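Taking it in order: structure first as structure tokens, then the write-up.
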Amino acid sequence: MRVDHLSELALEQQLLQSTAERSQHLESCARCAARLQAMREESEQFRRFVFPATQDRVAAATRSKSRFGWIAAGLAFAVLVTVLAVPRGPSADYVGVKGAQLQLSVYREAEGVGALVHDGEAIPAASQLRFRVRTVGDPCRIWILSVDSGGAVSRLFPAEGEEGGLVASGDALPGGVALDGHPGPERLFAVCSRRPLSFKELERAAKDSIAQGEAPVREARELPGLDNALQTTVLVEKTP
Amino acid sequence: MSDQRVLELYQQWGPVVYRRCLRLLRDPEWAKDATQDVFLQAARQLEKLEAAERVLPWLYRISTHRCLNLRRGARRREAHELVLEVREEAREHGYDETQLGQQVLARFDATTQAVAVGVLVDGMKHEELAQVLQISSKTVSRKLQRFLVQARKYLARST
């Protein structure tokens with residue numbers, strides 16, 4: 001026989017305001033009653049652990065936003081960065097935009113706003129990052145990836161797809177990434193290619209050219225063998 | 001808004017956000033950070049939406065989107081840490097797996113992910129979910145069907 005259980009949202013509603021219909025169901029449904037009890041315990045966890053640990057930051061961040069307004073918070077995200085990269089070593093048949101450049105801006109979420117991360121800056125190892133890129137010339141397909149001292153190559157943008165993300169210059173890239181929480185240097189590369197470039201090619205270029213260890217990550221400047229792709233890089237030093 | 005008012009709202013609505021984040025992220029520390037993040041995003045609006053019946057679906061929606069977004073970004077966490085338990089009722093929809101892994105979810109757009117999680121993990125009815133996500137019931141059905149067909153194909157290939 002089919003049994004209709006209360007959804008998560010219905011249980012939330014019951015916690016907010018009990019109704020006779022839901023109460024009746026809960027009396028005869030052990031599963032829903034158990035889930036409701038677990039939700040009450042999670043409320044208690046919030047009160048005992050989460051609220052005390054975060055209330056100061058919440059109040060401070062809200063105060064800051066009140067003072068400068070939401071526009072200012074948006075502008076903080078929009079402040080331009082950073083690292084300029086001139087394409088290196090184009091092949092002989094390269095036909096590109098004169099003075100073509102690629103800029104990568106990296107922002108760390110801090111107290112509700114985006115804080116610009118400078119090349120080589122120390123940041124918390126589990127930071128959440130967002131990106132903005134600027135290109136000169138025709139639209140290109142953007143990849144952002146990173147390499148850490150363990151030799152791990154991570155795909156940061158786009159999260160899906162096989163050819164890189166086609167984005168307009170100056171756009172904040174959708175989504176974000178959370179760093180892995182392990183201290184040590186991590187080098188981020190932005191690669192902008194007019195031709196479809198697979199992540200596997202980039203991964204191979206990174207693995208082949210950057211040895212494991214902290215020094216190789218800090219010293220790396222480019223991914224070799226990417227033909228006419230523009231690229232730039234930003235180093236972050238993840239701290240405990 | 002005064003600090004006192006902000007913290008009152010945080011005490012009132014923080015548990016809702018925390019529970020949602022904990023359910024989707026399955027990690028108390030991660031959920032704690034996400035809760036703070038979602039609340040900061042919501043604080044101003046919360047004061048305007050005084051009626052609880054309006055606040056709850058809205059908070060539920062933004063918490064869901066934010067946490068699914070975090071899951072998408074957390075590429076280095078082991079896939080098994082990001083597995084969601086599927087409700088028994090999901091079999092009625094033709095989803096026979098007991099778990100919903102990030103490797104499956106990640107193949108779909110944000111709204112389809114929210115639909116799949118809403119129906120299969122949270123046990124929401126189509127109408128209920130449509131109201132929360134502010135899309136039509138028809139769109140919920142369409143996206144769920146698309147998810148089910150493609151997820152089954154993917155799971156069949158990967159076994």
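Each chain gets a letter, A, B and so on, in the order its sequence line appears, and its residues count up from 1. Fair warning: this is a prediction, and the values are worked out from it, not measured in the lab.
Contacts of B:Glu88 with chain A are made by both backbone and side-chain atoms, with heavy-atom separations under 4.5 Å. No part of A:Gln17 comes within reach of chain B, as not one of its non-hydrogen atoms sits under 4.5 angstrom from that chain. Within the 4.5 angstrom heavy-atom criterion, only side-chain atoms of B:Arg66, from C-beta onward, approach chain A. Proximity to chain A involves both the backbone and the side chain of B:Leu7, based on heavy atoms less than 4.5 angstrom apart. Using a 4.5 Å cut-off between heavy atoms, B:Val132 contacts chain A through its side chain alone, with no backbone atom that close. In this structure, chain B has heavy atoms under 4.5 Å from both the backbone and the side chain of A:Ala10.
Put simply, CD on B:Glu89 and OG on A:Ser7 are 10.0 Å apart, with the number rounded to the nearest 0.5 Å. Summarising the geometry, atom CD belonging to B:Gln36 is positioned 4.5 Å from atom CZ belonging to A:Arg57; distances are rounded to the nearest 0.5 Å. Once rounded to the nearest 0.5 Å, the distance linking OG1 of A:Thr54 with CG of B:Asp37 reads 11.5 Å.
A tilted orientation is assigned to the rings of B:Tyr10 and A:Phe51, their planes being inclined by 30° to 60°.
Contact count versus chain A (heavy atoms, under 4.5 Å) is highest, among B:Pro15, B:Ala106, B:Ser2, for B:Pro15. Ranked by non-hydrogen atom pairs under 4.5 Å with chain A, the options B:Glu29, B:Arg20, B:Arg107 are led by B:Arg107. Across A:Met39, A:Gln128, A:Gln55, the residue that shares the most heavy-atom pairs under 4.5 angstrom with chain B is A:Met39.
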Q: Take B:Trp13 and A:Leu16 through the side chain to side chain contact (heavy atoms under 4.5 Å, CB included) test and state the conclusion after the steps.
A: CA-CA 10 Å; B:Trp13 294 109; A:Leu16 274 180; 3.9 Å; yes
Give the intermediate values and the outcome of side chain to side chain donor-acceptor pair (under 3.5 Å) for residues B:Tyr60 and A:Glu12. CA-CA 10 Å; B:Tyr60 206 82; A:Glu12 286 287 357; over 6 Å; no
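In the displayed structure, A:Glu21 atom CD is contacted under 6.0 Å by at most 12 heavy atoms of other residues, nucleotides or ligands.
When all heavy atoms are compared, the tightest approach of B:Tyr18 to A:Gln45 is OH-OE1, 2.9 Å.
Between B:Glu85 and A:Arg35 no salt bridge is recorded (no basic side-chain N to carboxylate O distance below 4.0 Å).
Within the 4.5 Å cutoff, side-chain heavy atoms of B:Arg19 are placed close to those of A:Leu15. Looking at A:Val58 and B:Val6, their side chains come closer than 4.5 Å, going by heavy atoms from C-beta outward.
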